[in-house]
Protein chains: 2
Amino acid sequence: MTARPDTPRSRRERPAKPALSRAAIVAAAVAVLRAEGLQKVTMRRLAQELDTGPASLYVYVRNTAELHAAVLDELLGTIGPVPAEGSWRERLVQVLTAYTAMLFQHPSLARSALTAWPSGPHYLNLIETLLALLDEGGVPPAQAAWGVDLLLQQATATAAEHSAEDTTQDDWDALTDALRNVSDRTHPHIAARSGELLSGAGEARLSWRFQALINGIERTAVPN
Amino acid sequence: MTARPDTPRSRRERPAKPALSRAAIVAAAVAVLRAEGLQKVTMRRLAQELDTGPASLYVYVRNTAELHAAVLDELLGTIGPVPAEGSWRERLVQVLTAYTAMLFQHPSLARSALTAWPSGPHYLNLIETLLALLDEGGVPPAQAAWGVDLLLQQATATAAEHSAEDTTQDDWDALTDALRNVSDRTHPHIAARSGELLSGAGEARLSWRFQALINGIERTAVPN
DNA sequence: ACCTGAACACCGTTCAAGT
DNA sequence: ACCTGAACACCGTTCAAGT
């Protein structure tokens, strides 16, 4: 047994400069995301974290969008298995809710997922799971295929909507004001139900959305 | 009649420096959007266009997100009136399609609309229109109210998905490859219908989505 | 009240040069 | 092949000072 002569245990406090790799970059990205949010997951910040220059990252990652997609796939690994109990509908809603809940914790990631599609292993597993549940429910294959797309997009978009950054509260206030103060001469339907337009705790509304989507997917045939 | 002594017709070619106002800023933003896309609609660029410094714009506009919302409301004014012919369903789909088509021309605007909600007059008109059509179709008011939300979000998210910038094509390729090369031992449902998952011209798929949504909204009661 | 120059604190990405 | 320093071409927003 010869002692390894290189990497002399401690030059400073960092445990020798870690080798650069795609996995190391994604891991650093997840750590920064958890600690400080997606807006800090930048090439420059990650480079700093990995003790190198931003240009070095481009050997492993095409651009920022691809990096975000990789981060999302990573987090998809945390949402756990399909519940064993309940009807296919209940289990389907539970899986979708788990996916949405994860994204709610990182709404800006949801935002970027809307345009930069992940294609990693965890995303594929999720698609497989949803297809299996719709199949179990007797939804015709073609409808199920298009339905999975619709369900995932809906869940992602709902989470993305909450990506506040700063002004979302103001936007919401502006919209609720506008809806409440509308004239019932020009906008009778809004005036008649501004209550309902604005009502609904997030959870009830989200679950209604999933139900409506599933009902629609079940009943709507694909052309040809 | 005395000649106005100020603003001496032409000092250079600009027709005297135009007065700053919210309307002028939004108009400049729309022009830049049309000519060069949303990524160029920045505070700095607009300031340059209006012959001032970026700081001056903050007198009229809270931030970039609010500016984008104002631009969207402006464009909403261009989508035209509800068609007079057809069943309420057909007209509903036509309005939604017109909204989506407009956003398809500016997908990055759709992306920003997902988080920065407009609350301008054109947006209110759109909500009123959709409510009226659902009402005509006999959809119960509470369902209609939540349904409008769902329909608009769906349309916006679909357009946002196409906000390419650069890598969307690569993402798509990566995902199609991943779906096609999946093992039918680990992912039998995907393997069995990778064709259907990927199939469908945009238009057929979009119209299926609207139909599925409307069917679901019609049939899904709001809790309580 | 409205407007501004200048500054603060950042970005993504490319490229030529090194190892 | 992998890694890098340095540069290019930008951002949003704030603030103290002016009119």
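Below, read A as the first sequence line, B as the second, and so on, with proteins coming before strands; counting in each chain starts at 1.
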If you check the [X] side chain, which of [options] turns out closest?
X     : options               : answer
A:T64 : D:dG5, C:dT13, C:dG5  : C:dT13
A:Y60 : D:dC3, C:dC11, D:dC15 : D:dC3
A:V59 : D:dC2, C:dT14, C:dG12 : D:dC2

With a 3.5 Å cut-off and sequence neighbours excluded, list the donor-acceptor pairs that the side chains of residues 18-28 of chain B form with protein atoms.
| from | atom 1 | to | atom 2 | distance (Å) |
| --- | --- | --- | --- | --- |
| B:S21 | OG | B:A24 | N | 3.0 |
| B:R22 | NE | B:Y60 | O | 3.3 |
| B:R22 | NH2 | B:E66 | OE2 | 2.2 |

Side chain [X], main chain [Y], donor-acceptor under 3.5 Å:
X      : Y      : value
A:E161 : B:T115 : no
A:T158 : A:Q154 : yes
A:T100 : A:L96  : yes

Can you check the [X] [atom1] to [N] [atom2] distance for me, whole Å?
X     : N      : atom1 : atom2 : value
B:N63 : D:dT14 : CG    : C1'   : 13 Å
A:L46 : C:dT13 : CG    : C1'   : 15 Å
A:R62 : C:dG12 : CZ    : C1'   : 15 Å
A:Q39 : C:dC11 : CD    : P     : 11 Å
A:R45 : C:dT13 : CZ    : P     : 18 Å
A:K40 : C:dC11 : NZ    : P     : 7 Å
B:L67 : D:dC11 : CG    : P     : 13 Å
A:Q48 : D:dG5  : CD    : C1'   : 16 Å

Integer angstrom distance from the C1' of C:dC15 to that of D:dC2: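 15 Å, rounded to whole Å.
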Side-chain donor-acceptor contact under 3.5 Å, B:E203 with B:S207: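 Looking only at side-chain atoms, B:S207 and B:E203 do not form any donor-acceptor pair under 3.5 Å.
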Consecutive-pair stems (at least three Watson-Crick or G-U pairs, under 3.5 Å) that include DNA chain C: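 Runs of three or more consecutive pairs: C:4-8 with D:12-16, C:12-16 with D:4-8.
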Taking only the side-chain nitrogens and oxygens of [X], find out if one of them lies under 4.0 Å from OP1 or OP2 of [N].
X     : N      : result
B:T42 : D:dC10 : no
B:S56 : C:dT4  : yes
B:T52 : C:dC3  : no

Given DNA chain D, 5'-ward residue of the pair A:P54 and B:Y58, judged by closest heavy atom: A:P54
Gap separating the CG atom of A:L124 from the CG atom of A:D73, nearest 0.5 angstrom: 7.5 Å
Residue whose closest nucleotide on DNA chain C lies nearer the 5' end, A:M43 versus B:L20: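 Of the two residues, B:L20 wins.
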When the side chains of residues 29-38 of chain B are checked against the rest of the protein, which donor-acceptor pairs come out under 3.5 Å, sequence neighbours left out?
| from | atom 1 | to | atom 2 | distance (Å) |
| --- | --- | --- | --- | --- |
| B:E36 | OE1 | B:R45 | NH1 | 3.3 |
| B:E36 | OE2 | B:R45 | NH1 | 3.4 |
| B:E36 | OE2 | B:R45 | NH2 | 2.8 |

